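What follows is one structure encoded as structure tokens, with my remarks underneath.
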Amino acid sequence: MAQVSEARLAATVKAVKRANAGAFVFYHSDGNVEPVIPELIEVGIDILNPIQPECMDPAVIKRRYGGRLSFWAR
């Protein structure tokens, strides 16, 4: 993951969910983040914002990842 330490993000997500098992973890990033979506899912991200149609096809993203990740559009 570019500019984000996957281990640090995973530790943060784990700490949040340990403190509140019912918490949802939201991740905001701009641009085309499709290449890192599998890693975001792997570390426990629940919600991704935004899905920018200028950069990514929302229908494709939903089809590929919608069963494992929720999306918050802008």
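If you're wondering where the values come from, they're calculated on a predicted model, not measured in any experiment.
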Applying side-chain contact (heavy atoms from CB on, under 4.5 Å), run through E39 and I45 and close with a yes or a no.
CA-CA 9 Å; E39 287 86 0; I45 297 298; over 6 Å; no
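Side-chain contact check for P58 versus Q52: every heavy-atom pair is 4.5 Å or farther apart. Contact of the L40 side chain with the L9 side chain is registered, since non-hydrogen atoms from C-beta on lie closer than 4.5 Å.
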Please table the atom pairs, donor to acceptor, closer than 3.5 Å between any side-chain atom in residues 61-70 and protein atoms at least two apart or in another chain.
| unit_1 | atom_1 | unit_2 | atom_2 | d |
| --- | --- | --- | --- | --- |
| R64 | NH1 | E34 | OE2 | 2.2 |
| R68 | NH2 | R64 | O | 3.2 |

Donor-acceptor contacts, no H, no angles, side chain residues 17-26, under 3.5 Å, sequence neighbours left out:
| unit_1 | atom_1 | unit_2 | atom_2 | d |
| --- | --- | --- | --- | --- |
| K17 | NZ | G44 | O | 3.1 |
| K17 | NZ | D46 | OD1 | 3.1 |
| K17 | NZ | D46 | OD2 | 2.9 |
| N20 | OD1 | G22 | N | 3.0 |

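Nearest heavy-atom pair across P53 and I51 is CD-O, 3.2 Å. Across V33 and M56, no two heavy atoms sit closer than the pair N-SD, 3.7 Å.
Both I41 and V16 are part of a single hydrophobic cluster, where members link through side-chain heavy atoms under 4.5 Å apart.
Atom CG of N32 sits about 8.0 Å away from atom CD1 of I37, to the nearest 0.5 Å. Distance check: I47 CD1 to F71 CZ gives 11.0 Å after rounding to the nearest 0.5 Å.
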